[in-house]
Undergrad: 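Supplied in structure tokens, the structure appears directly below.
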Amino acid sequence: MTILHPIITDACYFLVVVVAVVQCSSHNNFNDPFGKHHSMKTFPSPYGCNRSLGISFPSISLPIIYSTELNVSSTFYISNEQVMVTWPATYSSCDDDFIGIYFIDIPLLIGACDYFDYEFIQTNQTIMSWQMINLHRPLEFRYYSRDKNCSGNYSLMAKSAIVQSFNYNAPEQIHLAYGDQIDHMFVSYVTNSSEYVSECQYELGPSSLQRRVQGTTITYKASDMCNGQANIPGPKSFIDPGFIHTIIFEDIRPATTYFYRVGNEQHGWSSVLSFTNRPADDYNAKVLLIAYGDMGVAPTQPGAKSTVDRVQAQVLTNNITCILHIGDISYARGGDKDLSGAPGPGSFRPLGNYGNDSGGECAVPMVRRFHSPSNGNVLFWDSFDMGPVHIVYYSTEHDFLPSSTQHTWLEHDLSSINRTFTPWLIVGSQRPMYSSIVRVVGDPIKGMLRKSLELMFYQYHVDINLFAYIHSYERSCPMYQEQCVDDEITHALIGMAGHNLDFDTYTEAKWSLYHDQQFGYTQISDNRTHLHYSNHRNVDDAVVDHFDLTK
């Protein structure tokens with residue numbers, strides 16, 4: 001799946017929504033929401049609880065022996081605030097003793113496995129930090145320790161006072177997306193209520209937001225999902241998302257900065273944020289893009305936070321036009337129902353069995369929460385202009401064969417571009433058309449992408465083809481059918497934004513000019529005659545690969 005994020009220049013936020021993407025065995029990590037990363041090395045953990053695939057063993061019956069409380073630094077919080085949990089040094093812990101965070105109605109006796117997130121307790125540890133999110137309900141921390149010299153079941157040692165958000169209806173998860181026209185911009189956010197009409201106030205300056213526009217509100221329930229865990233409300237299956245509010249700005253000027261806030265008078269407003277609209281197709285327009293894929297769920301994926309930090313620094317200093325996320329924004333995994341409505345044999349399996357769904361979300365959260373230009377098929381494929389560049393997102397999770405609906409749309413879109421006004425053409429998708437990694441040399445999807453789409457991209461002079469899926473970086477020469485050819489397509493694998501890196505062996509393909517296995521991001525700047533591409537590694541923000549194209 002591909003998502004466009006125009007920049008929110010005054011706010012840093014982590015996307016905590018779960019969206020539907022493709023299953024891959026290398027993606028089976030814990031994706032817990034409170035800033036705790038749990039790799040497969042700790043599987044299954046805690047004792048008797050298997051959270052890696054959204055499954056748990058039957059809850060363990062526990063005695064209640066606690067006589068004290070966990071201390072918390074605050075019983076009220078705002079999202080992303082750190083809450084400190086402390087406890088007496090008198091406890092002696094086992095290797096798999098843990099502190100978890102729970103809804104307060106989860107039973108103490110049998111609910112040890114029904115946590116939202118957890119952290120193991122280290123020897124002599126008495127303090128732990130938690131990054132909070134607003135789940136719209138009261139929460140508490142619990143300390144569980146294994147009895148019988150660490151060989152028995154868990155006993156509840158302590159629990160905290162109730163911890164809750166200052167405002168369950170605070171506007172959160174604010175994000176932007178381009179609309180159908182250059183003077184349109186979507187803004188979406190989440191609260192816990194649909195009682196009042198959602199609103200946005202905006203203006204050219206931050207001090208007096210005179211203009212107002214109202215929006216629409218939707219949500220989704222466990223019954224809207226496809227199957228499996230997603231149909232079951234609970235901390236390790238379906239969590240109520242709240243209500244998603246969407247507003248569209250209209251008649252906004254190109255290349256102009258606007259200040260805005262969202263919410264309403266009854267439940268409160270967000271802080272004042274800002275965005276700069278994309279430029280028009282005038283002769284002097286310039287754009288600066290950041291692109292990456294496979295970030296996963298920030299901040300729990302190992303490299304995601306470092307990517308967010310580097311990208312935010314770029315946003316604050318370098319007038320970034322927009323961010324292109326080309327797939328696997330998280331790892332909720334696909335499903336049997338296809339909300340795109342595209343004809344074909346089932347959801348997200350156009351040419352073979354991409355794997356079954358681990359949770360049954362089947363793209364419902366993604367379609368409800370995100371927006372895009374409507375010239376294609378919902379969020380699954382679409383295109384838009386930004387000054388001198390035309391961006392096309394196509395779906396490798398739907399049928400792209402020459403007889404398909406998507407193939408017809410894609411050829412029509414590419415053939416209708418006015419290359420005088422938009423000389424640069426960049427396409428993006430999830431799965432790679434080219435990779436020299438040994439394990440994907442015979443990948444049938446890669447072969448079918450070449451057979452079905454490469455000639456079309458060659459005929460319409462695509463400049464850059466971006467893709468992810470593999471968690472590393474590789475860049476080709478300008479090429480066609482594995483041969484380096486001047487002024488043809490440069491292919492770039494940019495799946496290094498945050499999920500566990502893939503440390504594979506590369507072949508010595510002549511068309512592969514550079515590859516590495518480091519967390520990072522890609523930056524593309526262009527005007528009408530010149531395009532500069534650079535790949536940055538997170539550890540020191542150094543440019544490790546770059547090239548230039550001219551028209």
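From a predicted model like this one, the values you see are computed outputs, not experimental measurements.
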Undergrad: I'd like to know whether CG of Asp548 has more than 12 heavy-atom contacts from other residues, nucleotides or ligands below 6.0 angstrom.
TA: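 Yes, because the 6.0 Å sphere around CG of Asp548 holds more than 12 heavy atoms from other groups.
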Undergrad: Keeping Asn231 on the side-chain end and Met225 on the backbone end, is there a donor-acceptor pair under 3.5 Å?
TA: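 Here the side-chain-to-backbone pair exists.
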Undergrad: Between the side chains of Thr191 and His245, does any donor sit under 3.5 Å from an acceptor?
TA: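 Their side chains do contain a donor-acceptor pair, which is all the 3.5 Å distance test asks for.
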Undergrad: Salt-bridge test for Glu397 and Arg431: reply yes if a basic N is under 4.0 Å from a carboxylate O, no otherwise.
TA: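 Judged by the 4.0 Å cut-off on N to carboxylate O distance, Glu397 and Arg431 do form a salt bridge.
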Undergrad: Regarding Asn500 and His471, do their side chains bring together a donor and an acceptor under 3.5 Å, going by distance alone?
TA: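 Distance-only check fails for Asn500 and His471.
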Undergrad: Taking Asp224 for the side chain and Lys221 for the main chain, is one N or O donor matched with an acceptor at less than 3.5 Å?
TA: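 Such a contact is found between Asp224 side chain and Lys221 backbone.
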Undergrad: Strictly distance-based, threshold 3.5 Å: is any side-chain N or O of Arg368 a donor or acceptor partner for the main-chain N or O of Phe243?
TA: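 It does not hold such a pair.
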Undergrad: Tell me whether the count of non-hydrogen atoms from other residues, nucleotides or ligands lying under 6.0 Å of CG in Asp540 goes above 12.
TA: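 Atom CG in Asp540 is packed in, count exceeds 12.
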Undergrad: Please list all pairs passing the salt bridge (charged side-chain N to carboxylate O under 4.0 Å, His left out) test where one or both residues lie in residues 458-468, with sequence neighbours left out.
TA: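 Only Arg419-Asp463, Asp463-Lys551 qualify under salt bridge (charged side-chain N to carboxylate O under 4.0 Å, His left out).
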Undergrad: Can you find a heavy atom in the side chain of Leu531 that is under 4.5 Å from one in the side chain of Ile524?
TA: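 Result yes, sub-4.5 Å side-chain heavy-atom pair found.
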Undergrad: Taking the side chain as every heavy atom from C-beta outward, state whether His491 and Trp511 have any pair of such atoms under 4.5 Å apart.
TA: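 His491 vs Trp511: side chains apart.
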Undergrad: Could you check whether any side-chain N or O of Asn318 sits under 3.5 Å from a backbone N or O of Ile320, counting only pairs where one atom can act as donor and the other as acceptor?
TA: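 Absent.
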Undergrad: Any side-chain heavy-atom pair from Ser372 and Phe384 closer than 4.5 angstrom?
TA: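 When only atoms from C-beta onward are counted, Phe384 and Ser372 do not touch, as no gap falls below 4.5 Å.
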Undergrad: Tyr258 and Asp251: which non-hydrogen atoms are nearest, and at how many Å?
TA: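 Nearest heavy atoms, Tyr258 then Asp251: OH-O, 4.4 Å.
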Undergrad: Under the 3.5 angstrom rule, does the side chain of Asp117 hit a backbone N or O of Phe34 as a donor-acceptor pair?
TA: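 Side chain of Asp117 to backbone of Phe34, a donor-acceptor pair under 3.5 Å: yes, one is there.
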Undergrad: Step by step, would you call Val190 with Arg369 a side chain to side chain contact (heavy atoms under 4.5 Å, CB included)?
TA: CA-CA 9 Å; Val190 174; Arg369 291 172 179 269; 3.6 Å; yes
Undergrad: Quick one: sort the Phe249 and Tyr260 rings into parallel, tilted or perpendicular, breaks at 30° and 60°.
TA: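 Rings of Phe249 and Tyr260: perpendicular, as their planes differ by over 60°.
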Undergrad: Just verifying a value: how many Å separate His461 NE2 and Glu488 CD, rounded to the nearest 0.5 Å?
TA: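 It is 7.0 Å, given to the nearest 0.5 Å.
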Undergrad: Does any donor atom in the side chain of Asp385 or Thr422 lie under 3.5 Å from an acceptor atom in the other side chain?
TA: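 Not at all, the side chains of Asp385 and Thr422 share no donor-acceptor pair under 3.5 Å.
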Undergrad: Could you check if a side-chain atom of Ser452 sits within less than 4.5 angstrom of a side-chain atom of Pro402, using non-hydrogen atoms only?
TA: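 The answer is yes; the side chains approach within 4.5 Å.
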Undergrad: Side chains of Ser383 and Asn375 only: does a donor on one sit below 3.5 Å from an acceptor on the other?
TA: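 The answer is yes; a qualifying pair exists.
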Undergrad: Look only at the side chain of Arg475 and the backbone of Ile494, and say whether a donor-acceptor pair between them is shorter than 3.5 Å.
TA: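 No, the answer is negative, given that no donor and acceptor are paired below the 3.5 Å cut-off.
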Undergrad: Out of curiosity, Ile470 CD1 to Ile437 CD1, how far, rounded to the nearest 0.5 Å?
TA: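 Nearest 0.5 Å value for the CD1-CD1 distance: 4.0 Å.
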Undergrad: State, yes or no, whether a side-chain contact exists between Asn377 and Thr405 at a heavy-atom distance under 4.5 Å.
TA: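 Not in contact.
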Undergrad: For Asn535 and Asp516, which heavy atoms make the closest approach, and how far apart are they?
TA: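 It is ND2-OD2, 4.5 Å.
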Undergrad: Counting only heavy atoms not in Asn319 (residues, nucleotides, ligands), do more than 12 fall under 6.0 Å from its CG?
TA: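 Atom CG in Asn319 is not crowded, with 12 or fewer foreign heavy atoms closer than 6.0 Å.
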Undergrad: Tell me the closest heavy-atom pair linking Ser274 and Thr257, and the distance in Å.
TA: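 Nearest heavy atoms, Ser274 then Thr257: CB-CG2, 4.3 Å.
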Undergrad: Taking all heavy atoms of Pro279 and all of Pro254, pick out the closest pair and write down the distance.
TA: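 Shortest heavy-atom contact: C-CB, 4.1 Å.
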Undergrad: Do Ser404 side-chain atoms and Asp399 backbone N/O form a donor-acceptor pair below 3.5 Å?
TA: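 Indeed, once roles are kept as given, a pair shorter than 3.5 Å links the two residues.
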Undergrad: For the residue pair His515 / Ser436, report whether a side-chain donor-acceptor contact shorter than 3.5 Å exists.
TA: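 Not at all, the side chains of Ser436 and His515 share no donor-acceptor pair under 3.5 Å.
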Undergrad: If you count every heavy atom of other residues, nucleotides or ligands that lies below 6.0 Å from His532 atom NE2, does the total exceed 12?
TA: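 It does: His532 NE2 has more than 12 such atoms within range.
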Undergrad: Quick one: does Val308's side chain get under 4.5 Å of Met295's, heavy atoms only?
TA: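 Counting from C-beta outward, Val308 and Met295 do come under 4.5 Å.
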Undergrad: What I want to check is whether the side chains of Asp180 and Ser374 have a donor and an acceptor closer together than 3.5 Å.
TA: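 A pair is found: one side chain offers a donor N or O, the other an acceptor, under 3.5 Å apart.
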Undergrad: How are the rings of Trp409 and Trp381 set relative to one another: parallel (under 30°), tilted (30 to 60°) or perpendicular (over 60°)?
TA: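 Trp409 and Trp381: tilted rings.
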Undergrad: So do the side chains of Met496 and Asp294 get within less than 4.5 Å of each other, counting heavy atoms only?
TA: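 No. Closest side-chain heavy atoms not under 4.5 Å.
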Undergrad: Ignoring hydrogens and angles, state whether a donor on the side chain of Tyr473 or Asp545 is under 3.5 Å from an acceptor on the partner side chain.
TA: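 Yes, side-chain donor-acceptor contact under 3.5 Å.
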Undergrad: Can you check side chain to side chain contact (heavy atoms under 4.5 Å, CB included) on Arg253 and Asn277, steps first, answer last?
TA: CA-CA 7 Å; Arg253 306 172 191 170; Asn277 194 20; over 6 Å; no
Undergrad: Looking just at side-chain N and O atoms, do Tyr506 and Ser472 make a donor-acceptor pair shorter than 3.5 Å?
TA: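 A pair is found: one side chain offers a donor N or O, the other an acceptor, under 3.5 Å apart.
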Undergrad: Which heavy atom of His407 sits nearest to which heavy atom of Leu401, and what is that distance?
TA: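 Of all heavy-atom pairs spanning His407 and Leu401, the closest is CB-O, 3.1 Å.
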Undergrad: Is there a donor-acceptor pair closer than 3.5 Å between any side-chain N or O of Arg278 and the backbone N or O of Gly387?
TA: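 It does not hold such a pair.
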Undergrad: What distance separates Asp526 CG from Thr550 OG1, expressed to the nearest 0.5 Å?
TA: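 Reported value, rounded in 0.5 Å steps: 12.5 Å.
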Undergrad: Calculate, to the nearest 0.5 Å, the distance between atoms OH and OG belonging to Tyr460 and Ser416 respectively.
TA: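 Taking OH in Tyr460 and OG in Ser416, the distance rounds to 9.0 Å.
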Undergrad: Would you name the heavy atoms of Ser79 and Asn134 that are closest together and state the gap between them?
TA: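 Nearest pair, atom of Ser79 first, then Asn134: OG-N, 3.3 Å.
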Undergrad: Side chain to side chain contact (heavy atoms under 4.5 Å, CB included), that's the test. Do Phe519 and Val539 meet it? Break it down for me.
TA: CA-CA 8 Å; Phe519 293 117; Val539 64; over 6 Å; no
Undergrad: Rounded to the nearest 0.5 Å, what separates atom CG in Leu176 from atom CZ in Phe186?
TA: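 Result: 11.5 Å between the selected atoms.
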Undergrad: Assess the residue pair Tyr393 and Leu379 against the criterion (side chain to side chain contact (heavy atoms under 4.5 Å, CB included)); give the C-alpha distance rounded to whole Å, side-chain angles, the decisive distance to 0.1 Å, and a yes or no.
TA: CA-CA 9 Å; Tyr393 283 150; Leu379 294 170; over 6 Å; no
Undergrad: Where do Asp502 and Arg439 land on the salt bridge (charged side-chain N to carboxylate O under 4.0 Å, His left out) test, with the steps shown first?
TA: CA-CA 11 Å; Asp502 288 334; Arg439 69 178 166 94; 3.0 Å; yes
Undergrad: Quick one: does any side-chain atom of Thr307 pair with a main-chain N or O of Gly303 as donor and acceptor, under 3.5 Å?
TA: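 Indeed, once roles are kept as given, a pair shorter than 3.5 Å links the two residues.
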Undergrad: In Å, rounded to the nearest 0.5 Å, how long is the span from NZ of Lys446 to CG of Leu449?
TA: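 Reported to 0.5 Å precision, the distance equals 10.0 Å.
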Undergrad: Determine yes or no for a side-chain-to-main-chain donor-acceptor pair under 3.5 angstrom, with Thr321 supplying the side chain and Leu288 the backbone.
TA: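 Yes; at least one donor-acceptor contact below 3.5 Å.
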Undergrad: For the residue pair Arg310 and Tyr521, would you count it as a cation-pi contact if the rule is NZ or CZ under 6.0 angstrom from the ring centre and within 45 degrees of the ring axis?
TA: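 Negative - Arg310 is either too far from the ring of Tyr521 or too far off its axis.
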Undergrad: So Phe370 and Ser188, do their side chains get closer than 4.5 Å, heavy atoms only?
TA: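 The answer is no; the side chains never approach within 4.5 Å.
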Undergrad: Without hydrogens or angle criteria, can the side chains of Tyr394 and Asn465 be said to hold a donor-acceptor pair below 3.5 Å?
TA: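 Tyr394 vs Asn465: donor-acceptor pair found between side chains.
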Undergrad: Measure centre to centre between the rings of Tyr292 and His325, then say whether the value is under 6.0 Å.
TA: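 Aromatic pair counts; centres sit under 6.0 Å.
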